[in-house]
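Working notes, structure below.
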Amino acid sequence: MAGNLRTRSTHSNSITSNTTKQQQQPATLAKRLLFPHLSPGSDLPPLFASPTCSPELNAEAYDFLALALRAFVNTWWTKITRYDKELLPEITIVLTTVLRTLETRLLSTDFSLFMFSVAPALITQHYRDYRHAASKASTSYAMGGAIPLPHLFHQLQPHVAISPEGKIDEEYFRQAFDHVLRSCLPPQNYTPEAERYIVREIILKVLVKDVISRVTQPWFIQRTILDLLGPSLDAESDKPPNVSPPSHTHHAHFSFHSLLVFFLSAVQSISGIGLALVQTYKQTLSTIKLVNHSTRPTVNQRRASEPWRKARPAPISPMRNARSISPPLSPYASAASSTLSLHADIPQPNPQRSSSHYAREPLTMISELFTMHERFATSAAMHTLCMICAATTPLMDRLLTHLLYTRILCASSILFVLRLSKHTLFPNGYPGPPPIDPTPEEQIIIHQQLVRRLREQVPAFLAPVLLGSSPERTVEEMIRPLGDAACNAHLAVFIMDALLLSIFPEMGVEGSAGNADVDVAERLDDDGIQDWAPRLSRTSTSAMTL
């Protein structure tokens, strides 16, 4: 009897200790702000719809969301009322629905075409048009230099959302974001105009006024490239050499010991090279086998199994974004769609086509960036590389797609970007001070550092062949087309258009924006549509046609 009582008391004590430990564990910020009704020991509900989402990514996303809502919503909401704790949980419910809708869209989108065809073609065309405009800057085409370079560039790349001075029209992206909200928000949250307008203006302010205006600055692009290249080697070379005290041993004469050390060092070096070659060979074989046996399903195969697309009357493939380029016919559709507009009567791509030549546009972009077509050695090397890639097109397409979805668009990369964004935006749990733009002197230093770092990436014995007789001039020519913020704004808007059309392909269909605000259409009719007609240059159309 005493033994039974002792056992029960021990069991009850263990239950009490476990409960006490769970209660002693501090609740996370997301649980206190977003889910105040949950018990301390319960887990947070999944934020993403995919069952393969890791708990670590779910926790980091909730933490980032809680920090953002506490910094930008709770600060002014507590001044209105200190007792209402239901606003943040309601916002969380809406954001969960939006994130899951975007997740479904992103998982059903094939980003291979965007990453390997559309984006490199846009960058290549940007470089060509900038150099073409710069060659006319001081000629009679520019009235003897009276027309600035951004105006000449705008004539080559006109866009409905950008002025010749590089100023972005907010109404263009306001209508685009309204379509995104209509696709992502629940009907009960999209119908109220006040709620929709507030969310739309917040997104517009963050992306257009804060993000695009900063990422188009030349110093920001140059500093980003410097961060990607890593630390310079000059810091190590500037250090004084490690001078060891003079040794009193005499090794000048030939000895069996020195011969043995030399022989063993040579054997070690040869064995190390052999092991590296064997490991590289095995890794190459395993990668080729993995690429051949685990190819990503095509867009048409994935769409056939998507229930959310069956209700749409005319599903449009993202493959048609870059293949059919023509301005929209209706005046209002030009304000809500991109210059890369689509037509519903274009036939679907041939399903028997197994290759897309993903390596062609990146190689063309590299050739244009480094002006390889102007030197015989680099032009011959690039033509040889293009022929090799053309001969192995099916394998290159599968390899590039495999690397994209296993190295770039993977859970570990998303988790890294999420953590980096959280530590950057909220260094101490709250928004840090706004970043200070560098002075003109600091921008010149950043430019010089980038030129030196890019020059260091090419070995000295290959620099005359790859970069020509003047490597510094070649590097300067590569950086110069990104040195004007007004011209960079065109590239940013074109890339955002292509990205939106990849995720929301119905935005490129004529008449898809017919249920938007009527006052905007009236304003466009009053301002005159003939000045808003989007068009692409002949070289842009040929570069984007795949």
Side-chain angles (χ1 to χ4, degrees), residues 115-139 141-142 149-150 152-157 216 218-219 221-226 228-229 357-390 444 446-488 490-492 494-495 536-546:
M115 294 295 295
F116 301 121
S117 295
V118 178
L122 291 175
I123 296 175
T124 303
Q125 193 61 42
H126 175 83
Y127 270 72
R128 290 174 179 173
D129 290 342
Y130 183 91
R131 288 165 178 167
H132 191 194
S135 63
K136 296 181 178 179
S138 300
T139 62
Y141 291 97
L149 178 62
L152 296 175
F153 185 84
H154 181 76
Q155 294 176 2
L156 297 175
Q157 287 192 6
T216 55
W219 62 265
I221 300 175
Q222 295 170 7
R223 192 167 64 181
T224 303
I225 298 175
L226 276 175
L228 294 176
L229 291 177
H357 302 281
Y358 285 151
R360 180 176 58 186
E361 290 298 337
L363 291 177
T364 305
M365 180 187 68
I366 294 174
S367 177
E368 184 66 30
L369 261 62
F370 291 93
T371 59
M372 292 184 172
H373 55 277
E374 297 181 357
R375 297 178 296 277
F376 176 76
T378 54
S379 178
M382 182 56 63
H383 280 292
T384 304
L385 186 59
C386 289
M387 287 189 294
I388 295 174
C389 293
I444 295 176
I446 293 174
H447 178 80
Q448 294 175 352
Q449 290 178 352
L450 179 60
V451 173
R452 185 175 66 253
R453 290 289 292 114
L454 290 175
R455 175 64 182 82
E456 292 175 354
Q457 300 301 313
V458 182
F461 64 93
L462 290 179
V465 179
L466 298 180
L467 300 181
S469 58
S470 179
E472 288 77 11
R473 179 184 176 185
T474 304
V475 175
E476 286 281 354
E477 288 294 329
M478 187 192 68
I479 302 175
R480 186 173 291 112
L482 300 176
D484 192 281
C487 299
N488 295 338
H490 288 73
L491 178 60
F494 273 109
I495 291 179
L536 287 175
S537 60
R538 179 179 57 83
T539 55
S540 176
T541 305
S542 61
M544 292 294 296
T545 304
L546 302 180

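In this chain, numbering begins with 1 at the start of the sequence shown. None of the values given here were measured: they were computed from a predicted structure.
- A 4.5 Å side-chain heavy-atom check between L229 and L454 finds at least one atom pair inside the cut-off.
- Using modelled atom types, one side-chain atom of T384 and one backbone atom of A380 make a donor-acceptor pair closer than 3.5 Å.
- Closest approach of P471 and R455 over heavy atoms only: CB-NE, 3.3 Å.
- When all heavy atoms of N488 and P481 are compared, the closest pair comes out as OD1-O, 3.8 Å.
- For E368, the salt bridge (charged side-chain N to carboxylate O under 4.0 Å, His left out) criterion is met by R128, R131, not counting sequence neighbours.
- Taking both residues in full, the closest heavy atoms of A133 and L152 are given as O-CD1, 3.6 Å, listed atom of the first, atom of the second, then distance.
- With sequence neighbours excluded, no residue forms a salt bridge (charged side-chain N to carboxylate O under 4.0 Å, His left out) with E476.
- Closest heavy-atom contact between M382 and S367: CG-CB, 4.1 Å.
- S379 places no side-chain N or O within 3.5 Å of a backbone atom of F376 that could act as its donor or acceptor partner.
- Paired with H490 under the rule side-chain hydrogen bond (donor to acceptor under 3.5 Å, both in side chains), one option of Q157, Q125, H154 passes, and it is H154.
- The salt bridge (charged side-chain N to carboxylate O under 4.0 Å, His left out) check on R473 picks up nothing, with sequence neighbours excluded.
- Looking at V475 and E472, their side chains never come closer than 4.5 Å, going by heavy atoms from C-beta outward.
- Taken from CG in L122 to CE in M365, the straight-line distance is 11.0 Å, to the nearest 0.5 Å.
- For A486 against P150, the heavy-atom pair with the smallest separation is CB-CB, 3.8 Å.
- Proximity of L156 to Y130: side-chain heavy atoms (C-beta onward) are nowhere separated by under 4.5 Å.
- The CG atom of L450 sits 14.0 Å away from the CH2 atom of W219 when rounded to the nearest 0.5 Å.
- Separation of atoms CG (L369) and NE2 (H126) is listed at 10.0 Å; rounding is to 0.5 Å.
- In this structure, L467 CG and T378 OG1 are separated by 9.0 Å, a value rounded to the nearest 0.5 Å.
- Around atom NE2 of H373, more than 12 heavy atoms belonging to other residues, nucleotides or ligands sit under 6.0 Å away.
- Rounding to the nearest 0.5 Å gives a distance of 7.5 Å between CZ of F153 and CG of L491.
- Expressed to the nearest 0.5 Å, how far CG of D484 lies from OG1 of T216 amounts to 9.5 Å.
- Classified by interplanar angle (parallel below 30°, tilted 30° to 60°, perpendicular above 60°), the ring pair F116/Y358 is tilted.
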